[in-house]
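Predicted, not measured: the structure shown is a model, and the values here were computed from it. Proteins get letters first, then strands, A, B, ... in listed order; numbering begins at 1 in each.
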Protein chains: 2
Amino acid sequence: EQQVVSGIAYSRDEAKITLFSIDDKPGVSASIFGPLAKAAINVDMIVQSIAGDSNKTDMTFTIPRSELPLARKILEEQSAAIGYKNLHIDEVVAKISVVGLGMRSHPGTAQIMFQTLADKGINIKVISTSEIKISVLIDEAYTELALRALHTAYDLDAA
Amino acid sequence: EQQVVSGIAYSRDEAKITLFSIDDKPGVSASIFGPLAKAAINVDMIVQSIAGDSNKTDMTFTIPRSELPLARKILEEQSAAIGYKNLHIDEVVAKISVVGLGMRSHPGTAQIMFQTLADKGINIKVISTSEIKISVLIDEAYTELALRALHTAYDLDAA
Ligand SMILES: C[C@@H](O)[C@H](N)C(=O)O
Ligand SMILES: C[C@@H](O)[C@H](N)C(=O)O
């Protein structure tokens, strides 16, 4: 069985911003990320799921913590233009990523991460995946515990 | 200005599944992806945002359309164990990805995608990003329009 996972990456430098209850219609994403891009804010993860019945959805993204004051200012200035109901900021997150290749064709790779975190009682706040990276946001307090458990689960501990 | 975007990828072979209103507590992700992994279902994108006030959140992911009957069967069998309120399936999605390098340090790259789709009136159903890929799900009917517009916007048209 070829090992598809090459390592675990993490960052404790990120802050999570969520805009709650935005309209799910063309132009809304642009109204959020346009002003942020103009201010040269470095956006890392963007996660948006579909709207339920209500035609409203939420937008979650991460930026470096150092850029939080500026981002907050911009989003507050733009609140009418964007049309969100609430702005929520979480600075106590850690981003943990399982890095590998071709993970889509290896069902179970993501599950190892989810089960490992579940076994340690670590809540997964946000998930965003690609073929080469499975990223989650968790409470920063669990960073070391998560890293140790994931290294063991993916057999990445030093031989 | 170095061109960070190398191409636009797309897939019309995917189906989107959303589980609405799952508990936001450890173990729930594992309860969804464990059974799917056991059945060797190939999960591509996974997108989950934080819970609002309600301690409930939604889980959205994509799989190959050919695997939809089996995935649906598993998720229905597991519905009590997972605890979702509704299961929603959308087979009429296309996944469009802007592919590049180091996009996190190029604020504005994602915005070009969002503004371009907005200008064409194309609604963005799901967003999931990484440093090397900005992926969205849109209605499949808009695939060619989106691809042409994005090639132009990122200056990828043949010279
Ligand atoms: C929510 C947001 O992504 C919206 N659907 C848009 O297209 O901009
Ligand atoms: C929603 C789901 O991700 C849950 N928070 C978990 O940790 O499994």
Side-chain angles (χ1 to χ4, degrees), chain A residues 16 18 20-21 24-34 36-52 58-61 86 88 90 104-111 114-115 117-137, chain B residues 16 18 20-21 24-34 36-52 57-61 86 88 90 104-105 107-111 114-115 117-137:
Chain A
K16 174 177 67 62
T18 297
F20 284 103
S21 202
D24 185 21
K25 65 181 193 211
V28 176
S29 290
S31 73
I32 294 166
F33 296 102
L36 292 174
K38 265 218 191 73
I41 303 266
N42 287 296
V43 175
D44 181 30
M45 286 167 90
I46 302 172
V47 170
Q48 179 222 307
S49 185
I50 64 161
D58 307 323
M59 183 74 68
T60 290
F61 56 96
N86 287 311
H88 179 254
D90 187 348
R104 172 181 178 166
S105 45
H106 287 83
T109 304
Q111 175 57 13
F114 302 148
Q115 191 61 58
L117 295 173
D119 290 344
K120 300 300 183 195
I122 298 171
N123 193 46
I124 299 167
K125 297 181 181 225
V126 174
I127 303 173
S128 179
T129 67
S130 72
E131 255 195 314
I132 63 166
K133 209 195 243 194
I134 306 161
S135 292
V136 302
L137 295 180
Chain B
K16 174 177 66 63
T18 297
F20 284 103
S21 202
D24 184 23
K25 64 181 196 211
V28 175
S29 289
S31 73
I32 294 164
F33 295 103
L36 292 174
K38 266 218 192 73
I41 303 265
N42 287 297
V43 175
D44 181 29
M45 286 166 92
I46 303 173
V47 169
Q48 178 221 307
S49 186
I50 62 160
T57 189
D58 306 323
M59 182 74 67
T60 290
F61 56 97
N86 288 308
H88 179 254
D90 187 347
R104 173 180 177 166
S105 45
T109 304
Q111 174 58 11
F114 302 149
Q115 190 63 56
L117 296 173
D119 292 344
K120 300 300 184 195
I122 299 171
N123 193 45
I124 300 167
K125 299 182 179 224
V126 175
I127 303 172
S128 178
T129 67
S130 71
E131 253 195 316
I132 64 167
K133 207 195 244 193
I134 306 161
S135 292
V136 301
L137 295 180

With a 4.5 angstrom heavy-atom cut-off, could you sort out which part of [X] is near chain B: side chain, backbone, both or neither?
X: A:T18; value: side chain
X: A:A39; value: neither
X: A:I50; value: both
X: A:I132; value: side chain

### Query
Has the side chain of B:S130 got a donor or acceptor atom that lies under 3.5 Å from a matching backbone atom of A:T129?
no
Specify which of [options] makes the most heavy-atom pairs with chain A at under 4.5 Å.
options: B:Q48, B:M59, B:K25, B:K16; answer: B:Q48
options: B:L137, B:D119, B:I41; answer: B:I41
options: B:S31, B:A37, B:A110; answer: B:A37
options: B:T60, B:V47, B:V126, B:I46; answer: B:I46
options: B:A40, B:A30, B:A118, B:S135; answer: B:A30
options: B:D24, B:D58, B:I32; answer: B:D24

### Message
Which residues pass the side-chain contact (heavy atoms from CB on, under 4.5 Å) test with A:K120, not counting sequence neighbours?
### Response
A:I122, A:L145, A:A149
### Task
Identify the residue among A:V136, A:N123, A:I127 that makes a side-chain contact (heavy atoms from CB on, under 4.5 Å) with B:S29.
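Exactly one pass, corresponding to A:I127.
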### Query
What option among A:S21, A:P26, A:S128 has the most heavy-atom pairs under 4.5 Å with chain B?
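Highest number of heavy-atom pairs under 4.5 Å: A:P26.
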### Query
If you count heavy-atom pairs under 4.5 Å between each of A:I134, A:D90, A:V43, A:L117 and chain B, which one has the most?
A:V43
